[in-house]
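Quantities reported herein were computed from a predicted structural model and do not represent experimental measurements.
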2 protein chains.
Amino acid sequence: MVTAKPLSMETLTETLKILHDPTRLLLLKLLAEKEYCVCELVEMFDISQPAVSQHLRKYRQAGLVIEEKRGQWRYYRFDPSCSQNALVKNVLAQLDTQDEQLIQLRHKAEAITCS
Amino acid sequence: MVTAKPLSMETLTETLKILHDPTRLLLLKLLAEKEYCVCELVEMFDISQPAVSQHLRKYRQAGLVIEEKRGQWRYYRFDPSCSQNALVKNVLAQLDTQDEQLIQLRHKAEAITCS
DNA sequence: GCTTTATATAACAATCTGCTTATATACTGA
DNA sequence: TCAGTATATAAGCAGATTGTTATATAAAGC
């Protein structure tokens, strides 16, 4: 994989800080695959709605995700045009795509429709 | 860069947790370039000797560095055979090799000889 | 306008992190 | 064997992190 423009120490460490949380890393792996509505994520993860919202806020503030409001729902997805794209892609690529937790989460997602 | 065997969620998040600290990231970038003696690192960084020692311990426990005792000194270097090698290399590659802080640290190192 | 649903923010508690100082350990050379 | 140097570990503290519950905001539909 080709490395993009180097990141500043600050951007790099800030991004790593955001990625190091297990819940948040799973979240981003999913958001890099397809977009999800907040209410879907809340149902998929075993944490409260505010907790999900706060994780998403961190990603938003770091410029890693795109938020799109549609009706009363908000959809999030990874933003491949962010400056940290190469880093994030590399990090996510280290994870086993067939990781048990990931499979379970994707499976849970299938059973959910934001009403 | 070819991606190696995938890492477990735990190994990946533990490794990211270790890398996210600015001091520690600089430290590893240096240790990936060449080996350093602890006393050199203590002189180079503006933190106490125990602080350096504790950072190195984290890397040791994560299996990221090799420690070699020679006389009364201990030398550390990055271990390219560690399971996280691909991840670490990718992360370090995001950093500007000509980063001001890095240049200064390398420069400081030249002026030091562990007596 | 009121109620319901979706989401964000605020306030707070528990835990974790990274530093410091103090102390222990270990090697070296007189 | 003792003093000096190099390094590790322990204890403690301040600030950061991540969850919780409570509350605010905003859109949708009656």
Grab the N/O contacts between the protein and nucleotides 10-19 of chain C below 3.5 Å, and write none if there aren't any.
{"unit_1": "dA10(C)", "atom_1": "N6", "unit_2": "Q54(A)", "atom_2": "NE2", "d": "3.3"}
{"unit_1": "dT17(C)", "atom_1": "OP1", "unit_2": "K17(B)", "atom_2": "NZ", "d": "3.4"}
{"unit_1": "dG18(C)", "atom_1": "OP1", "unit_2": "R24(B)", "atom_2": "NH2", "d": "3.1"}
{"unit_1": "dG18(C)", "atom_1": "OP2", "unit_2": "R24(B)", "atom_2": "NH1", "d": "3.0"}
{"unit_1": "dG18(C)", "atom_1": "OP2", "unit_2": "R24(B)", "atom_2": "NH2", "d": "3.2"}
{"unit_1": "dG18(C)", "atom_1": "OP2", "unit_2": "K58(B)", "atom_2": "NZ", "d": "2.9"}
{"unit_1": "dC19(C)", "atom_1": "OP2", "unit_2": "H55(B)", "atom_2": "NE2", "d": "2.4"}

dist Q94(B):CD -> K29(B):NZ (nearest 0.5 Å) comes out at 9.5 Å
Within this structure, what is the CD-to-P distance between Q49(B) and dA22(C), rounded to whole angstrom?
14 Å
Is any side-chain N of the basic residue among E68(A) and R70(A) closer than 4.0 Å to the acidic one's carboxylate O?
yes
Would you call R77(A) and E67(A) a salt bridge, using N to O less than 4.0 angstrom?
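No, this pair does not count.
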Taking the side chain as everything from C-beta on, heavy atoms only, tell me whether [X] gets closer than 4.5 Å to [Y].
X	Y	result
L30(B)	L102(B)	yes
W73(A)	V38(A)	no
F78(B)	I66(B)	no
P22(B)	L25(B)	no

Does [X] reach a base, just sugar-phosphate, or nothing at all? Heavy atoms under 4.0 Å.
X	answer
E67(A)	sugar-phosphate
Y75(B)	nothing
F45(B)	nothing

Look for any protein N or O under 3.5 Å of an N or O in nucleotides 24-30 of chain D and output each such pair with its distance, or none.
none

